[in-house]
Student: 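Handing you a structure now.
None of these values were measured; they are calculated from a predicted model. Counting starts at 1 for both ligands and their atoms, following the listed order.
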Amino acid sequence: MIAVTPPMGWNSWNTFGKDIDEKLVFEIADAMVEKGYREAGYEYLVIDDCWSLKERDKDGNLVPDPVKFPHGMKAVADYVHRAGLKFGMYSCAGILTCAGYPSSYDHEFQDARLFAEWEVDYLKYDYCNFPQNADGINRYHIMSMALKASGREICFAACNWGHHDSWNWMRSIGAHMYRSTGDIFDNFRSFMGIFQSQLEHLCQSGPYCFNDMDMLTVGMYNQGNVAIGKPCTDGEYRIQFSLWCLSGVPLMIGADIRNLNPEMEKLLLNRELIRIDQDPECRPPYLVGKRSVMVPEEDRENAVEPLRAVKDQLYTFIKHLSGNEFVIVYYNLFEEERDVSCIFADAGVPYSSGYGFSMRDVFTGEELGVKRDYHIVSVPGHDCKMYLCRLVNCGK
Ligand code: GLA
């Protein structure tokens, strides 16, 4: 079975764009094993757009670029499989891919058979150059069926950027994950905007079909293909990774993991954060003490700055995990350090209940002991604090 919990892996697009080849794939596969990513759960190694020639062959088959992939795609898949990983590829529902390569419109069954022959385990399926008169929902259903007909179990990573309210139908057409927004860029506003727009849809994301908030930019520091705007700080990357884990969405790393800053490597390999992302109950986060969306619907169109419509820019979420555990997370979206708090009554645990939370810092492992009634902590500007919690009976 696939996508029982959110798929995890690495994708070439954010850092490498069109500059992909088999050497890169081999080195990333080695890095995934040697640096502990595979062990931590990152299992898919996915090449994105720009892997093929610009023309199909005389039989109508897609042809890997012989300069980039001189041994063909089966050899690449074999290498990835020998590393104990799964191999992912990319195509598109339109006439051409976003970068102008041949795409699978009206070739769905033929292409799916070819991917299966190459022993591909994952297909990212984009939405560029889609014919105006074609049915955007049905074309995703067709590729889903084509993958099923191939006889191979292939994770179907649909990527229609949220068109036609994808969260309402992607599960029913058999997708395992669905990109619900436009592309992420390596800056704070970009990823905050993505999270804000999906928060109210996360209740529809769960086992076998997950909302995909796009590949992570954690650790990229504006190196690579999606560098637009102000580079992120480490605190901002902590916010990004914690938001993705809190949301229980796919974790596809976009950075060059061969040479990652050690602090960011530690972040992406943090087992507690990954456990929070992979929790089998797949519950969305709950915004404590405010309504359930960060930006009111009527203000969203005008919300230029992240969360501009919300005055205080301090957020506390609680997420229910399996095994009677909880996560409490504090976000400080101000530039300066601020106190952020959780009134436990707003998180379902009033003082009169006699219960409090035992709390452990997810980033440092520090035990805070048992807190009752409320918890308050100082959070640096554009950063977060995250705690794993259990309910404890404190007596009267
Ligand atoms: C679209 C997708 C990106 C990436 C590029 C490739 O923009 O949303 O994730 O796959 O195409 O061209």
Student: Does the side chain of Ser144 come under 3.5 Å of the side chain of Tyr125 through a donor N or O and an acceptor N or O?
Tutor: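 The answer is no; no qualifying pair exists.
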Student: Any idea which heavy atoms bring Ala347 and Cys342 closest together, and the distance?
Tutor: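 So the minimum-distance heavy-atom pair works out to CB-SG, 4.2 Å.
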Student: Which residue supplies the protein heavy atom nearest to atom 1 (C) of ligand 1, what is that atom called, and how far is it?
Tutor: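 Here the nearest protein heavy atom works out to Asp126 OD2, 3.0 Å.
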Student: Is Glu325 salt-bridged to Arg275, going by a charged N under 4.0 Å from an acidic O?
Tutor: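 Yes, charged N to carboxylate O under 4.0 Å.
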Student: Identify whether the distance between the nearest side-chain nitrogen and carboxylate oxygen of Asp361 and Lys385 falls below 4.0 Å.
Tutor: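 Result for this pair is no, no salt bridge flagged.
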Student: Provide, to 0.1 Å, the distance between atom 12 (O) of ligand 1 and the closest protein heavy atom, together with that atom's residue and name.
Tutor: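 Heavy-atom neighbour on the protein nearest atom 12 (O) of ligand 1: Asp49 OD2, 2.7 Å.
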Student: What protein heavy atom sits nearest atom 9 (O) of ligand 1, and how far off is it?
Tutor: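 Heavy-atom neighbour on the protein nearest atom 9 (O) of ligand 1: Lys124 NZ, 2.7 Å.
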Student: Please write down residue, atom name and distance for the protein heavy atom closest to atom 7 (O) of ligand 1.
Tutor: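 That would be Asp183 OD2, 2.7 Å.
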Student: Does any N or O of ligand 1 fall below 3.5 Å from an N or O anywhere on Arg179, backbone included?
Tutor: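 N/O-N/O distance under 3.5 Å: yes.
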Student: By number and element, which atoms of ligand 1 are closer than 4.0 Å to a non-hydrogen atom of Cys98?
Tutor: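 Numbered from 1, ligand 1 contributes 1 (C), 11 (O), 12 (O).
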Student: Would you indicate whether Cys98 and Cys128 have their SG atoms under 2.5 Å apart?
Tutor: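 A disulfide is present here, as the SG pair of Cys98 and Cys128 is separated by less than 2.5 Å.
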Student: Please determine whether any non-hydrogen atom of Asp48 lies less than 4.0 Å from an atom of ligand 1.
Tutor: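 Contact check Asp48 vs ligand 1: positive.
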Student: Is it the case that ligand 1 has an N or O less than 3.5 angstrom from some N or O of Trp161?
Tutor: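 Between Trp161 and ligand 1 (N or O atoms, distance only) the closest approach is under 3.5 Å.
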Student: If the threshold is 4.0 Å, N to carboxylate O, is there a salt bridge linking Arg139 and Glu108?
Tutor: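 Salt bridge present between Arg139 and Glu108.
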